[in-house]
Amino acid sequence: MDFYSFLYTMAHGPLLWISFLTFILGSLLRIILYVNLSRKKDKITHQHFNLKYVLMSLFRWILPLNRTVAKNPIFTILGYIFHICLIVVPIWYVGHISLWEESRFGWTWASIPDEWADRMTLVFLAIALFFLLRRIFSRDIRKISTLSDYFLLVVTALPFMTGYFLSHATLDGVPFLGDYMELIHILSGEFMLILIPFTKLSHFVLFLFSRGATAIEFGRRGYTV
Amino acid sequence: MAEDVNSREIYEFLKTRIGARFRTWLQICSHCGLCANTCHYYIANGNEPGMIPSYKVRHLLEILKRKGRVDRKYLETVYHTVYHECNMCRRCTLYCPFGIDIALMISLLRSMLFSQGIAPEGLVKAIENYKKFGNQMAVTEEDWVDTIEWCEEEMAEELLGLKIPIDKKGARIMYTVNAREPMFYPQDIMEVAKIFHVAGEDWTVPRKEGWDDTNLAMFCGDLKTARLIVENTFKRAEELEVEKIAITE
């Protein structure tokens, strides 16, 4: 077995398991650690817990119904679109669903049309590029950016870029890249999943707790949640 | 490394106070920059990137990363940031998608600096006064009562029957002031007395400590004294069995 076949087998098997389990269990662990520590050290959150404020706040911020949207409409709307594409395409792309169907789980669900997946991927990549340029060229954003901010943006965009290349055979004429695009695509997706619980990408779930804790604190003081 | 900085103490101080919220905030802040134009320091300094709220709390992460091993000079930089570039107004939090409370982190840094004896001179002096006299201006009980009685006499010439009741048990409102009022601006107390009198309000001021409603200890993160100040006021309110506490301004 050559190195490529070995990697291919790994990426389709053990690495896939490792990445999904790291993502799922890691995220669960982050939640457990948060709740545990907050019980000990953020007593204010628990003493004044108020579900109304939490839900109100999440509603406002998961949907574009908050004051930041009014203040910075362009950036925030792009941010919302970015996140929608990021979640929808990998889950509802027909190619992915058919892999789930072929897998030991045999799961299947409705897919979005290929055209949509294509367009959303391109929109996602365009916004990612905009974010990257903004980080590089905006005086403000460059000042607050860390190495990991650049790195994670690339890590997040890579599965989408390679996915597009793969499904359109864009780079098939290019040596190496053309031959290994599927492998690169899978590995890049697995890499991103593994990084989520350990980096700022964990905001996908910790955001709920951070938002909620501040909503409780601000709500009881009569501020906007 | 300067010997007057106790690295272990700094680290321990922060570690025991870093809860789930702080930890999460430090990690999930995506450096999106949406807090920038919400900060009046940022805007007032010609959109200075160094004033972006999310940038200001970098010190907290840095000190934790270095396990408290920072020198005096670094702490002075922190001092400059937390006292001269942020007044903990929390406006940035109102605009942060994650609700990251920058002001709370700045406050923690102020507390840490205070634990190392770094705080603005004026606040340190006020804290001594709070501990000794129960108010920031070192007004003695005698001077306080004298001032109130004098205010009452002055105003009674203008409004017949005006009283400033001291320690009146069972009054509806206990009124508290800024200690600068008896010291420099007694006319403020007179004006309020006038309003209460004309409104026919049942009110009183406490004789003992607890009448100063300022809490300067809070601003440098001396939470022990901050607590003492608030407790004094509540103790008086309970003793006098009042319904409400009113504060000046």
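Of the two parts of A/R135, only the side chain, counted from C-beta on, holds a non-hydrogen atom closer than 4.5 Å to a non-hydrogen atom of chain B. Contact annotation for A/F207: both backbone and side-chain heavy atoms come within less than 4.5 Å of a heavy atom of chain B. Interface remark: A/I44 contributes side-chain atoms only to the contact with chain B (heavy atom separation under 4.5 Å). Using a 4.5 Å cut-off between heavy atoms, A/F204 makes no contact with chain B at all. Proximity to chain B (any heavy atom under 4.5 Å) is shown, for A/R39, by neither the backbone nor the side chain. Looking at A/S57, there are no atoms closer than 4.5 Å to chain B (heavy atoms on both sides), in backbone or side chain.
Between B/V70 and B/S7 the shortest heavy-atom distance is N-OG, 4.2 Å. Closest approach of A/I97 and A/I91 over heavy atoms only: CG1-O, 3.7 Å. Of all non-hydrogen atoms in A/V123 and A/C85, the two that sit nearest each other are CG1-SG, 4.4 Å. Closest approach of B/D212 and B/G134 over heavy atoms only: CB-O, 4.1 Å.
Of all residues in residues 28-53 of chain B, those placing a non-hydrogen atom less than 4.5 angstrom from a non-hydrogen atom of chain A are B/I28, B/C29, B/S30, B/H31, B/C32, B/G33, B/L34, B/A36, B/N37, B/T38, B/Y42, B/N47, B/E48, B/P49, B/G50, B/I52. Residues of residues 13-25 of chain B lying under 4.5 angstrom from chain A, judged on non-hydrogen atoms, are B/K15, B/T16, B/I18, B/G19, B/A20, B/R21, B/R23, B/T24, B/W25 in numerical order. Of all residues spanning residues 138-149 of chain A, those with a heavy atom less than 4.5 Å away from chain B's heavy atoms are A/R139, A/D140, A/I141, A/K143, A/I144, A/T146, A/D149, arranged by number. Residues of residues 210-225 of chain A that come closer than 4.5 Å to chain B, counting heavy atoms only, are A/S210, A/R211, A/A213, A/T214, A/E217, A/F218, A/R221, A/Y223, A/T224, ordered by residue number.
Under the ring pair (Phe, Tyr, Trp, His ring centres under 6.0 Å) test applied with A/F124, the options A/F130, A/Y93, A/F160, A/Y164 reduce to a single match, A/F160.
No more than 12 heavy atoms of other residues, nucleotides or ligands lie within 6.0 Å of CZ in B/R227, so this atom counts as exposed by the packing criterion. For A/K71, the NZ atom sits in a packed shell: over 12 heavy atoms of surrounding residues, nucleotides or ligands are nearer than 6.0 Å. Within a 6.0 Å radius of CG in A/L63, other residues, nucleotides and ligands contribute more than 12 heavy atoms.
Taking the six-membered ring where the residue is Trp, A/F82 and A/F131 present tilted rings, their angle falling between 30° and 60°. Between B/Y74 and B/H59, the ring planes are perpendicular. Angles over 60° get that label, and only those under 30° would be called parallel. Aromatic ring pairs are classed by plane angle as parallel below 30°, tilted from 30° to 60° and perpendicular above 60°; the pair A/W100 and A/W107 is parallel.
Between B/K235 and B/E231 there is no salt bridge, since no side-chain nitrogen of the basic residue lies less than 4.0 Å from a carboxylate oxygen of the acidic one. A salt bridge between B/R236 and B/E239 is present, with a side-chain N of the basic residue lying under 4.0 Å from a carboxylate O of the acidic one. The pair B/E243-B/R172 counts as a salt bridge, with a side-chain nitrogen and a carboxylate oxygen less than 4.0 angstrom apart.
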key: Step-by-step side chain to side chain contact (heavy atoms under 4.5 Å, CB included) determination, A/L37 to A/L33   = CA-CA 6 Å; A/L37 188 61; A/L33 287 176; over 6 Å; no
request  = Assess whether side chain to side chain contact (heavy atoms under 4.5 Å, CB included) is satisfied between B/E201 and B/I195, documenting all intermediate values.
outcome  = CA-CA 9 Å; B/E201 196 50 78; B/I195 295 170; over 6 Å; no
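B/H84 has its ring centre less than 6.0 Å from the ring centre of B/Y79.
Each of B/L94, B/L26, B/D101 has some count of heavy-atom pairs under 4.5 Å with chain A, and the biggest count is that of B/L94. For the options A/R67, A/R60, A/K40, A/R30, heavy-atom pairs under 4.5 Å to chain B are most numerous at A/R67.
For the pair A/R134 and A/F75, the cation-pi criterion (under 6.0 Å, within 45° of the ring axis) is fulfilled. In this structure, B/R110 is positioned above the aromatic face of B/Y83, its NZ or CZ under 6.0 Å from the six-membered ring centre and within 45° of the axis.
Side chain to side chain, B/T248 and B/Y175 meet the donor-acceptor criterion of an N or O pair below 3.5 Å.
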